[in-house]
Amino acid sequence: MWKNRSSPKFTEMQHSRRNCFGSASGGLFVGLAVTVLSFAVSGALAQSAPPAGAAVAEYIHGEMQRQHIPGLALLVCRGGEIVRAEGYGLANVELQVPVTSETVFQSGSMGKQFTATAVMMLLEAGKIGLEDPATKFFPDAPAAWKDVTVRELLSHTAGFGDYPEKFDFRKDWTEAEQLKLVESLPLAYPPGTKWEYSNLGYLTLGLLIHRVTGEFYGDFLQERIFGPLGMRSTRIISEADIVPNRAAGYRLVKGELKNQEWVAPMINTTADGSLYFSILDLAKWDAALYTEKLLKRASLEQMWTPVLLKNGKPNKDGYGFGWFIAKQHGHRVISHDGAWQGFKTAITRHVDDQLTVVVLTNLAEAEPDKIAEHVAEMYLAGTPQANP
């Protein structure tokens, strides 16, 4: 989870994507959205058991007001079962549409865990190996790619950088053009010697999935993950399609609420985090991670283990494959955040306690990671308090 604004996990999208349009300035939030932050719309599956329900709701209300968040969806699960799934505030400020448990948000980099799962499925099928060099799949790539492995692409240790500072997010890049761009950039460091968050590494994994399977990675996800789990709202982003319950993304500019910036359609289909999903779909995803419906237990554990660098030490941010791994009070926590086009998201899975908290928001400046962490602490403490 993001610990502060200098964390690599925060800059993953802010630096490489949001900053291409310029960052929003601070100031007091003004406008219509402020009138809706004092109520919650509960999903059909929400269960609020006092005192936890009242305390959590009070905390959420307070954080939405403090952070000026128009809309938020909260999911809490124990052992793969929903404890609460509910919406707060507005999914669309202009139309005054409330957030519900079915509201669809953009994933940002939370989507990387699905890309990583797809790669592991291909590993179990014997179609790729973690030590396979990138040149096996991209034979025309620079010679330096022969030292880059699938394992390193999954764990941000390949030496791949991020989107260039002047990258044009309003150009409709084809997959061939995306690959050519990545291949044109020199490795930032020798593969396996450092950890540096890389959206381009995961973009490349999406292209790898396409080359191995012969189908667009998003179609592979639909066939192998979303469809089988009944995740009916989860899909690749498309602003052209009619998407039921789709939330609008927002940002603050000099204290005033503005709509998200526009990007070209192909840039919203890359494997570094370009999904739509709802908290009800993520409840199904969370439940599946307790089983072997998608992957064998050994594969899941490998994804949830910090990757070692070539010096034998864990990478500095405790990253596995599509997940950050940490310890809190001696218990393992796996998590990931996302930030893209006026949305901020966070999932935190306290696996030893079988507690999962997901927070989806539609404001670029929101801090859903902090909200998810505190809600988890409230449930783990057993006697939740409204204030941190």
Worksheet item: Is the Tyr319-His336 ring centre distance short of 6.0 angstrom?
Response: yes

Discussion item. Determine whether the aromatic ring centres of residues Trp145 and Phe160 are separated by less than 6.0 angstrom.
Written reply: yes

Worksheet item: How long is the gap from OG1 on Thr117 to CG on Leu154, to the nearest 0.5 Å?
Response: 10.0 Å

Worksheet item: What about Tyr250 and Phe343, are their ring centers closer than 6.0 Å?
Response: no

Practice prompt. May I ask you to say whether Arg66 pairs ionically with Glu63, meaning some side-chain N is under 4.0 Å from a carboxylate O?
Written response: yes

Practice prompt. Decide, yes or no, whether a salt bridge links Glu365 with Lys344 under the criterion of side-chain N to carboxylate O below 4.0 Å.
Written response: no

Discussion item. Over 60° means perpendicular and under 30° means parallel, so tell me whether His210 and Phe216 are parallel, tilted or perpendicular.
Written reply: perpendicular

Discussion item. Tell me whether Arg349 is salt-bridged to Asp286, with the criterion being a basic N under 4.0 Å from an acidic carboxylate O.
Written reply: yes

Fill in: Residue among Asn268, Asp219, Thr269 satisfying side-chain contact (heavy atoms from CB on, under 4.5 Å) with Ile236
Thr269

All N/O donor-acceptor pairs, side-chain side in residues 125-135, below 3.5 Å, sequence neighbours left out:
{"from": "Glu131", "atom 1": "OE2", "to": "Arg151", "atom 2": "NE", "distance (Å)": "2.7"}
{"from": "Glu131", "atom 1": "OE2", "to": "Arg151", "atom 2": "NH2", "distance (Å)": "2.6"}
{"from": "Asp132", "atom 1": "OD2", "to": "Gly129", "atom 2": "N", "distance (Å)": "2.7"}
{"from": "Asp132", "atom 1": "OD2", "to": "Lys136", "atom 2": "NZ", "distance (Å)": "3.1"}

Item to complete: Under the salt bridge (Lys or Arg N to Asp or Glu O under 4.0 Å) rule, collect the residues that match up with Asp353, sequence neighbours excluded.
Response: none

Discussion item. Between Trp173 and Phe167 (judged by ring centroids, cut-off 6.0 Å), do the two rings come close enough to count as a pair?
Written reply: yes

Item to complete: For this output row, return yes or no: ring centroids of Phe226 and Trp285 closer than 6.0 angstrom.
Response: no

Item to complete: Before accepting this row, confirm whether a basic side-chain N of the pair Lys254/Glu256 lies closer than 4.0 Å to the acidic partner's carboxylate O.
Response: no

Item to complete: Determine yes or no for a side-chain-to-main-chain donor-acceptor pair under 3.5 angstrom, with Asn315 supplying the side chain and Trp195 the backbone.
Response: no

